[in-house]
Visitor: 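One structure, pasted below without further comment.
The sequence lines fix the lettering, A, B, ..., with proteins before strands; numbering per chain opens at 1.
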2 protein chains.
Amino acid sequence: MQKLTLKKIAKELDVSISTVSKALRDSHEISKDTRDKIKAFAKLYNYKPNNIALSLKNRKTKTLGVIIPEIVHHFFTTVISGIEKVANERGYNVIIGLSNESFTKEVINMEMLANGSIDGFILSVSKETQLLKDYHHLTETIDQGMPIVMFDRAIKEIGCDKVIVDDVEGARKAVNKLVSLGCKNIGIITTKDYVSVGKLRTTGYLTALTESNLPLNENFILKLNDELNEEAHMDLLEQEIQLLLKNNPEIDGIFAVNEIYALSAMKEALKLGKSIPKDIKVIGFTDGVLSKYATPGLTSVSQHGKQIGEKAADLLIDRLENDHVEPPFQTVVIETELIERASTSEI
Amino acid sequence: MQKLTLKKIAKELDVSISTVSKALRDSHEISKDTRDKIKAFAKLYNYKPNNIALSLKNRKTKTLGVIIPEIVHHFFTTVISGIEKVANERGYNVIIGLSNESFTKEVINMEMLANGSIDGFILSVSKETQLLKDYHHLTETIDQGMPIVMFDRAIKEIGCDKVIVDDVEGARKAVNKLVSLGCKNIGIITTKDYVSVGKLRTTGYLTALTESNLPLNENFILKLNDELNEEAHMDLLEQEIQLLLKNNPEIDGIFAVNEIYALSAMKEALKLGKSIPKDIKVIGFTDGVLSKYATPGLTSVSQHGKQIGEKAADLLIDRLENDHVEPPFQTVVIETELIERASTSEI
DNA sequence: GAGGCTCACGAAAACGTTTTCGTGTTAATA
DNA sequence: TATTAACACGAAAACGTTTTCGTGAGCCTC
């Protein structure tokens, strides 16, 4: 049985299309008799208006486009769950595009969606885009009147709403926690500086140290290549961390900029006969499934991904429904929170 | 600058809309001169046809609807990544709906998308749907001529293409591995039977035991409540597992139907002073991030989520492009694979 | 009984495409 | 020179809605 349309109902009931449309929208232009008859018929055969036709007519699709670098990723999925939640509550759908950290795929995906399929974008740019600093696809879609909300990996130069994590502050909190627990020699395991969040978290680490009047020891800083957090390179990763711990046995606290670095640090510390948290305390960034189920449980900086998604969706929909793509733009900072577990417990 | 349309180009160049359309599609009905002029203009101002208008005209949206129970979930995201890959290669977009394991949300989401927004569904039903056994939303969309491909949690009674994991066989493989490594007393940590995959994996466990002529010891079977794998109930979960291991010290192998159960088992075994894999070997199901980064690394049954997604998308698009919603339907079984790590290594 | 009103409905345009079918002009043919 | 064919383009319909603007019929008023 094919989909019912206004035209078919009109034909069946021997009235005009306009009458059917009006009756279904309860226009009192139509007599109660006809209205009831049409509504009964529509209900009986389960008429639902065609979204595409509505989109074309209204020139809005009630759909948000979300572009992320990766989907097999705890943080991004929590963000999506937040986006989906408010989108659904406010009557919107969510269409997802993956850039796989590739600039080209990001551009193609956005172009594909920008031609009428969606009303606005929520996006976190790919690493390659950050590297190339080529933002023409962003400025062009904004110029065409399509609003964008960036999250997490936001770009200063682009004029649009943003929802970001205060990476510096989150790292500062974490390191401060270690300090307050008595750690005197705190190491950091981070990425090379071209990864923006890695750089920011390193900054937070440095800030916390100076604020606490702790000396900065360059040997305590391990900057790793970004590719090392794949399973295939796990042993290399572990070697590097082992070296850090072996060469600096006085280290009594570790701040790692992601879960994997933190877990590896715990593993290597244990291997070296150290006990956690007694001899060495560890804090990671991103409160994902690894932190929760690690042994011992890993204290970590939660970024509240769901909140980020919710806020981003709200910002975007607000802008769509007041349709002004003009400034002023907001930048919302979502507070991080330290989730404490066994890796930093007092005893 | 608003979006360019055929009409605007036509006006600007003082020709008719049809001429513009034809010129852009390289019709030789139009003289080379006019064609070139129009194409140059379109390129200059970056004309892209409006997808919504095309969708309405062609009565197809080139968009797949994906409905899953949860998105913060390793398995489902790998499936999505597979779907997205194929969809993109074949010129389709992906729109995502989350049921959150709720029957009602599943129905609403599907109805929202079924009215023209998408060409077909890829879905894994919610637990509640499995429980209620109410499939009217599925049969109705199929009756309306919209194809569905179900994956993982498929429903026998529904006539449509399916991509499934052979849970029984995967579990059998895992238990056989334990047997071949010399385990004599193999326990299982599974869910209550109403969770379909839990039940199937339990069946596989039982099959393997009988095939190996190992006695079935009811005490070795721990069936847990589904809600225990949230962080909040972790201690309860661990207590139950601890009891299993304490009461049955002869257990030398554990098969767990998910990663969390497996990790908890390893944790409790270590607490009891057992060594892994020497005293007790452990295998989990679903090869996610936890298995990879656990200490020791957890051997687990990989479901090849990405392949599942790829296959599902291919099946759906094939059906769409040959547009026949009629039988015969395929059920594709994606083989599982045992990923071996330290938790079952020989020494 | 003529004018004006209300009522209940239909025609048509619009959203942005594609495509079929004319149609007027020019050039080639008989 | 008259007929035809090829060429280059335009008008209009269609996809499924919503909405504006008519309009005919019946009624009331003076």
Visitor: For the backbone of A:P69 and the side chain of A:E101, can you confirm whether one donor and one acceptor N or O come within less than 3.5 Å of each other?
Guide: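 No; zero donor-acceptor contacts below 3.5 Å.
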Visitor: Nearest of C:dG16, C:dT20, D:dT19 to any side-chain atom of B:E29?
Guide: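 Among the listed nucleotides, the one closest to the side chain of B:E29 is C:dT20.
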Visitor: From the set D:dT18, C:dC15, C:dT17, return the single nucleotide nearest to any side-chain atom of B:K7.
Guide: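 Closest of the options to the side chain of B:K7: C:dC15.
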Visitor: Mind checking if A:T5 touches a base, just sugar-phosphate, or nothing, with heavy atoms under 4.0 Å?
Guide: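 Answer is sugar-phosphate: A:T5 comes under 4.0 Å of backbone atoms only.
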Visitor: Provide, to the nearest angstrom, the distance between the CG atom belonging to B:D26 and the C1' atom belonging to C:dT18.
Guide: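 It works out to 15 Å between those atoms.
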Visitor: Determine the contact category for A:S55: base if any of its heavy atoms lies under 4.0 Å from a base atom, sugar-phosphate if only primed atoms, P, OP1 or OP2 are that close, otherwise nothing.
Guide: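 Contact class for A:S55: none.
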Visitor: Figure out the CG/P separation between A:N50 and D:dC15, and round it to whole Å.
Guide: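 Roughly 12 Å, once rounded to whole Å.
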Visitor: Give a yes/no answer on whether the side chain of B:S21 brings an N or O atom under 4.0 Å of OP1 or OP2 in C:dT18.
Guide: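 For B:S21, the contact criterion (side-chain N or O under 4.0 Å from OP1 or OP2 of C:dT18) is met.
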Visitor: For A:H136, I'd like to know if atom NE2 has over 12 heavy atoms of other residues, nucleotides or ligands within 6.0 Å.
Guide: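 It does: A:H136 NE2 has more than 12 such atoms within range.
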Visitor: For B:K32 and D:dA6, what is the distance between atoms NZ and P respectively, to the nearest whole Å?
Guide: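 Those two atoms, NZ and P, are 23 Å apart.
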Visitor: Of all the choices, C:dT18, C:dG16, D:dT18, which nucleotide is nearest to the side chain of B:L56 once you look at every atom?
Guide: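 Per side-chain heavy atoms of B:L56, the pick is C:dG16.
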Visitor: Does D:dC9 have its OP1 or OP2 closer than 4.0 Å to a side-chain nitrogen or oxygen of B:S18?
Guide: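 No.
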Visitor: In terms of side-chain heavy atoms of A:Y47, which of D:dT17, C:dT19, C:dG16 is nearest?
Guide: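 The answer is D:dT17.
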Visitor: D:dT20 P sits how many Å from A:I17 CD1, rounded?
Guide: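 Atom-to-atom, A:I17 to D:dT20, this comes out as 18 Å.
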Visitor: Quickly work out the A:N51 CG to D:dT18 P distance and round it to whole Å.
Guide: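 Answer to the nearest Å: 11 Å.
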Visitor: Assign the ring pair B:F75 / B:H73 to parallel, tilted or perpendicular, where the plane angle (0 to 90°) is split at 30° and 60°.
Guide: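 Geometry flag for B:H73 against B:F75: perpendicular rings.
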Visitor: Return the value, rounded to whole Å, for the distance between atom NZ of B:K11 and atom C1' of C:dG16.
Guide: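 So the NZ-C1' distance, B:K11 to C:dG16, works out to 15 Å.
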Visitor: Hey, which of these two, B:R59 or B:I30, hits DNA chain D nearer its 5' end, going by closest nucleotide?
Guide: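 In this pair, the answer is B:I30.
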Visitor: Is a side-chain N or O of A:N58 found less than 3.5 angstrom from the main chain of A:K60, in a donor-acceptor match?
Guide: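 Not confirmed, A:N58 side chain does not pair with A:K60 backbone.
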Visitor: For a quick test of reading the model: is some side-chain N or O of B:R25 closer than 4.0 Å to OP1 or OP2 of C:dT19?
Guide: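 It does, given that an N or O in the side chain of B:R25 lies less than 4.0 Å from OP1 or OP2 of C:dT19.
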Visitor: Testing B:L320, B:T61, B:I83 for side-chain contact (heavy atoms from CB on, under 4.5 Å) with B:Y92, which one passes?
Guide: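 Among B:L320, B:T61, B:I83, the one meeting side-chain contact (heavy atoms from CB on, under 4.5 Å) with B:Y92 is B:L320.
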Visitor: Give B:S31 one of three labels, base, sugar-phosphate or nothing, depending on what nucleic acid heavy atoms sit under 4.0 Å from its own.
Guide: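 Result for B:S31 = sugar-phosphate.
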Visitor: I need the CD1-P distance between A:I38 and D:dT17, as an integer number of Å.
Guide: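 Answer to the nearest Å: 14 Å.
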Visitor: Can you tell me whether the side chain of A:K22 and the base of C:dG10 have a donor-acceptor pair closer than 3.5 Å?
Guide: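 Answer yes: a donor N or O sits under 3.5 Å from an acceptor.
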Visitor: Which is true for B:L54 with a 4.0 Å heavy-atom rule: it touches a base, it touches only sugar-phosphate, or it touches nothing?
Guide: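 Result for B:L54 = sugar-phosphate.
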Visitor: Do any N or O atoms from the side chain of B:N51 and from the backbone of A:M112 form a donor-acceptor pair under 3.5 angstrom?
Guide: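 Checked: pair present.
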Visitor: Do any side-chain nitrogens or oxygens of A:T19 fall under 4.0 Å of OP1 or OP2 in C:dC9?
Guide: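 Negative; the distance criterion is not met.
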Visitor: What integer distance in Å separates B:H28:NE2 from D:dC7:P?
Guide: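 Distance check: B:H28 NE2 to D:dC7 P gives 8 Å.
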